[in-house]
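Note that this is a predicted model, so its numbers are computed, not measured.
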Number of protein chains: 2
Amino acid sequence: MRLTTKGRYAVTAMLDLALYGDRGPISLADISSRQDISLSYLEQLFAKLRRRELVRSIRGPGGGYRLSRPGEEIFVAEIIDAVDERVDATGCSGQSDCQDGHTCLTHHLWSDLSEQIHHFLSDISLASLVQRRDVQAVSARQRLRGESEQTIVLTAID
Amino acid sequence: MRLTTKGRYAVTAMLDLALYGDRGPISLADISSRQDISLSYLEQLFAKLRRRELVRSIRGPGGGYRLSRPGEEIFVAEIIDAVDERVDATGCSGQSDCQDGHTCLTHHLWSDLSEQIHHFLSDISLASLVQRRDVQAVSARQRLRGESEQTIVLTAID
DNA sequence: ATTTACCCGATTAATTTAGTCGGGTATGTC
DNA sequence: GACATACCCGACTAAATTAATCGGGTAAAT
């Protein structure tokens, strides 16, 4: 089953767009510093997100990324699928050839589980995440941290 | 999230015990050949299963492993927990310190997902798997294969 | 005694993930 | 049009984890 930092980073970054992207494009550098994700790694992930048309890019100064659809219409499952290839608990990627060409003893169990997970994540939209209490709280903390960092920079310049 | 071959192997091996173990202990060598899992690897997994008291071992010739409880009372989630440590989709093992000491933006989402998966797998007993059509079918094929292998061996000896 | 099969730790090989690097290209601003 | 920004892209490296091997034990049955 694939569900690692890669998928978590992707969802986090997309949620960052949903939270802060309403006033124009967000640069990966912004996401990188807010969410503590390596910039180059983000570039790799966003290449995949762009191919799946989950985000739109705007080049040049002031550019960045925007969600290609409203947050109501983007679901967590799509994001993970885009970067992780698939959410799949079987060992044979659903091919049923897990035991030298045949179905292994537990194939259907993992297949059922995968479906279960996919269904769960297909129901969660970015917009619904934005609404959540816990997301709001973390976002508020991140905004604070961002401001204090700016202060530090300004003080250092002064 | 941890759900790899390790956990799949463990569940498959335990299901093998549930399927064939009613007439006495099953050796790891038997499981190894039936399910195509490396013997030494099985030994590692069964060390963990034994520690969690999911199986009982019988040493010496004719020995092997038995389920320590009836299949009705052993659940897939326990097996995976035993070998994989935990089924957990969060990056911080539920510690909520995913972003330098604080909760990351998507922590609760992964936490919810983990609970969902765990709940799903906690409901599936070995006994219920044994009953399943698809498991019966695969098991029948494995038995056939086993017999033909024996024939080959006997022919070779002859 | 000898064979079977569990027991255990250490080590290695393979795979995957995470991250880096170095170069490009479009675009807005002065 | 020079310059800075920020996307774009492929190749490479490092780290972590998983899967598997190896070598030597020990309990028990025949």
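In this entry the distance linking CD1 of A/Ile37 with C1' of C/dT17 reads 15 Å, nearest Å. Whole-Å rounding puts the A/Leu42 CG to C/dT20 P distance at 11 Å. Atom CG in A/Asp36 sits roughly 11 Å away from atom P in C/dG19 (whole-Å rounding). Distance, A/Leu45 CG to D/dC7 P: 13 Å, rounded to whole Å. Rounded to an integer number of Å, the gap from CZ of A/Arg8 to C1' of C/dT16 is 14 Å. Taking atom NZ of residue A/Lys48 and atom P of nucleotide D/dG10, one finds them 12 Å apart after rounding to whole Å.
Side-chain heavy atoms closer than 4.5 Å link hydrophobic residues (I, L, V, M, F, W, Y) into clusters, and following such links, even through other members, never connects A/Leu67 to A/Phe75. The hydrophobic cluster containing A/Tyr65 does not contain A/Ile58, counting ILVMFWY residues as joined when their side-chain heavy atoms lie under 4.5 angstrom apart, directly or transitively.
Under the rule for a salt bridge (Lys or Arg N to Asp or Glu O under 4.0 Å), A/Asp30 has no partner lying at least two apart in sequence or in another chain. Every residue two or more places apart in sequence or in another chain that forms a salt bridge (Lys or Arg N to Asp or Glu O under 4.0 Å) with B/Arg69 is listed here: B/Glu78. For the salt bridge (Lys or Arg N to Asp or Glu O under 4.0 Å) test, residues two or more places apart in sequence or in another chain that qualify with A/Asp134 are A/Arg132. For A/Tyr41, the ring-ring contact (aromatic ring centres under 6.0 Å, His included) criterion is met by A/Tyr9, not counting sequence neighbours.
When each of D/dC7, D/dT21, C/dC7 is scored by its nearest atom to the side-chain atoms of B/Gln44, the top-ranked nucleotide is D/dT21. For A/Tyr65, the side-chain atoms get nearest to D/dC8 when compared with the rest of D/dC22, D/dC8, C/dG19.
Remark: A/Ser57 is not in phosphate contact with D/dA6, judged by side-chain N or O atoms under 4.0 Å from OP1 or OP2. Applying the 4.0 Å criterion to OP1 and OP2 of C/dG19, one finds that A/Tyr9 has a side-chain N or O inside that range. Not one side-chain nitrogen or oxygen of B/Arg51 sits closer than 4.0 Å to the OP1 or OP2 atom of C/dC8.
Side chain to side chain, B/Trp110 and B/Thr106 meet the donor-acceptor criterion of an N or O pair below 3.5 Å.
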Quiz item: How does protein reach along nucleotides 23-30 of chain D, written 5' to 3' as B (base within reach of a heavy atom under 4.0 Å), S (only sugar-phosphate), or - (no contact)?
Solution: --BBSBB-
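Across all strands, B/Ser40 comes closer than 4.0 Å to base atoms (heavy-atom distances). No contact: B/Phe46 has no heavy atom under 4.0 Å from any strand.
Proximity of residues 17-32 of chain A to DNA chain C (heavy atom under 4.0 angstrom from any strand atom) is not detected for any residue.
Considering only heavy atoms from C-beta on, A/Arg51 stays 4.5 Å or farther from A/Phe46 through its side chain.
With a 6.0 Å radius and a threshold of 12 heavy atoms from other residues, nucleotides or ligands, B/Glu115 has its CD atom at or below the threshold.
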